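Only a predicted model underlies this, so the values are computations on that prediction, with no experimental measurement involved.
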Amino acid sequence: HGLSVSIAGSDVTHLPQPVFFTGPHAKGIWNASDCIQNESSGVAGVLCLAFQTRVMFARSDDGKVWSKPYEFAHNSIFPTRSPAVIEDDGGTLWMICSSQRLDPNRYSSGGYQWWICSSKDGREWSLLKPLTLADGMPFGGQYQHTVQLTRDRRGKFWIFSNGLVGSTDRLSELPPLKPLALGLGKEDYITGSFATFDTDNRCYLVVTRREELSLTSSSDMQSWQPL
């Protein structure tokens with residue numbers, strides 16, 4: 001968190017940053033998981049926050065003065081973490097988040113699964129729809145895992161998470177996620193990833209493996225440069 005990434009010919013608009021709120025409603029440090037910018041002014045309009053096991057939202061017209069954070073409705077049902085949010089061409093907000101579910105094992109509180117939902121105003125959200133893998137199983141993970149939700153220069157939506165990738169023209173029709181074809185062995189387990197696209201739509205992907213950052217790129221999302 002607080003990491004800056006700069007790649008020639010590209011811009012990064014979805015980058016986690018620590019946020020400090022002041023006032024009677026602010027206690028502790030909130031992590032800004034994602035931010036939606038106004039396309040015409042470039043000013044942040046909706047800020048998506050993660051605080052412990054809750055997802056919150058705040059709004060701003062100028063990127064300086066922010067509203068009091070308000071709750072994501074599903075917080076009251078299950079612990080919710082690691083939100084990633086984006087806006088489509090019709091103005092609908094889409095959010096992917098991880099949420100813990102109950103487990104029949106008496107000694108387990110259940111693992112975290114990834115879900116997607118949508119909203120027209122950032123307050124009323126649709127029911128959570130699970131993300132799945134190529135084998136049809138739910139996409140799950142640990143509470144500290146994150147997902148990136150972004151778009152390339154041609155408008156296609158992309159999801160990146162821990163060596164997995166998915167893409168679609170419409171987030172309402174999200175296909176199963178599949179492994180990135182990076183040519184890695186089992187010992188090269190990816191624990192984090194972040195992607196951005198340059199003006200030629202080439203993807204630059206930063207991954208974390210063996211506790212080190214590595215950079216690769218691809219022009220077709222199939223063949224990748226060696227890490």
**Q** Do L171 and L149 make a side-chain contact, defined as non-hydrogen atoms from C-beta onward lying under 4.5 Å apart?
**A**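 Touching, per the 4.5 Å side-chain cut-off.
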**Q** Taking all atoms of both residues into account, what is the closest heavy-atom pair of L205 and A195, and its distance?
**A** CD1-CB, 3.8 Å
**Q** Is it the case that the side chains of R202 and S217 hold a donor-acceptor pair, with the cut-off being a distance below 3.5 Å and no angle test?
**A**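 The criterion, which ignores hydrogens and geometry beyond distance, is satisfied for R202 and S217.
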**Q** Under 4.5 Å between any side-chain heavy atoms of S99 and R81, yes or no?
**A** no
**Q** Could you tell me which residues satisfy ring pair (Phe, Tyr, Trp, His ring centres under 6.0 Å) with F72, sequence neighbours excluded, listed by chain and number?
**A**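 For F72 the ring pair (Phe, Tyr, Trp, His ring centres under 6.0 Å) partners, ignoring immediate neighbours, are H74, W125.
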**Q** In chain order, what residues pass the ring pair (Phe, Tyr, Trp, His ring centres under 6.0 Å) check against W94, with sequence neighbours excluded?
**A**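 For W94, no residue satisfies ring pair (Phe, Tyr, Trp, His ring centres under 6.0 Å) once neighbours in sequence are set aside.
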**Q** Got L213 and V207 here, is their nearest side-chain heavy-atom distance under 4.5 Å?
**A**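 A side-chain contact is absent here, since even the closest heavy-atom pair is not under 4.5 Å.
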**Q** When rounded to the nearest 0.5 angstrom, what distance separates CZ in F157 from OG1 in T150?
**A**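 Interatomic distance, F157 CZ to T150 OG1, rounded to 0.5 Å: 9.5 Å.
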**Q** Could you tell me which non-hydrogen atom of S118 sits nearest to which non-hydrogen atom of T92, and how far apart they are?
**A** CB-CG2, 3.8 Å
**Q** State the CG-CH2 distance between L128 and W115, to the nearest 0.5 angstrom.
**A** 6.5 Å
**Q** For the residue pair C203 and W224, establish whether any side-chain heavy-atom pair is separated by less than 4.5 Å.
**A** yes
**Q** If I take atom NZ from residue K129 and atom CD1 from residue I96, how far apart are they, to the nearest 0.5 angstrom?
**A** 11.0 Å
**Q** Taking the side chain as every heavy atom from C-beta outward, state whether I190 and L182 have any pair of such atoms under 4.5 Å apart.
**A** yes
**Q** Take D89 and R151, measure what salt bridge (charged side-chain N to carboxylate O under 4.0 Å, His left out) needs, and give me the verdict at the end.
**A** CA-CA 11 Å; D89 294 334; R151 291 183 93 172; 2.9 Å; yes
**Q** Kindly indicate whether the side chain of M221, heavy atoms from C-beta on, has any atom under 4.5 Å from the side chain of W158.
**A**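 A side-chain contact under 4.5 Å exists here.
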**Q** Does some side-chain heavy atom of L177 sit less than 4.5 Å from a side-chain heavy atom of T132?
**A**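 Sidechains of L177 and T132: no contact.
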**Q** Please report the shortest heavy-atom distance between T80 and V55, naming the atom on each side.
**A** CG2-CG2, 3.5 Å
**Q** Nearest heavy-atom pair of Y112 and S98: which atoms, and what distance?
**A**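 Looking at all heavy atoms of both residues, the closest pair is CD2-OG, 3.8 Å.
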**Q** Working note: L164 + L133, criterion side chain to side chain contact (heavy atoms under 4.5 Å, CB included); need CA distance, chi angles, decisive distance, verdict.
**A** CA-CA 9 Å; L164 297 173; L133 302 175; 3.7 Å; yes
**Q** Please round to the nearest 0.5 Å and tell me the distance separating atom CG of N201 and atom CZ of R154.
**A**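 If we round to the nearest 0.5 Å, N201:CG and R154:CZ are 4.5 Å apart.
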**Q** Establish, for the pair R153 and F197, whether the NZ or CZ atom is under 6.0 angstrom from the six-membered ring centre and no further than 45 degrees off its axis.
**A** no
**Q** Under a 3.5 Å distance rule, please check whether S218 uses its side chain to pair with a backbone N or O of S223 as donor and acceptor.
**A** yes
**Q** How about L131 and I159: do any of their side-chain heavy atoms sit closer than 4.5 Å?
**A**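 Yes; the side chains approach each other to less than 4.5 Å.
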**Q** Have T168 and K156 got a donor and an acceptor in their side chains that come within less than 3.5 Å?
**A**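 Their side chains do not contain a donor-acceptor pair, so the 3.5 Å distance test is not met.
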**Q** Measure across S161 and F139 and return the closest heavy-atom pair with its distance rounded to 0.1 Å.
**A** OG-CZ, 3.5 Å
**Q** If you take all heavy atoms of R209 and S214, which pair is closest and at what distance?
**A**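 Here R209 and S214 meet closest at NE-OG, 3.4 Å.
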**Q** To the nearest 0.5 Å, what is the distance between OG (S126) and NZ (K120)?
**A**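 Those atoms lie 11.0 Å apart.
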**Q** Is it true that the side chains of R123 and Y70 contain a donor and an acceptor less than 3.5 Å apart?
**A** no
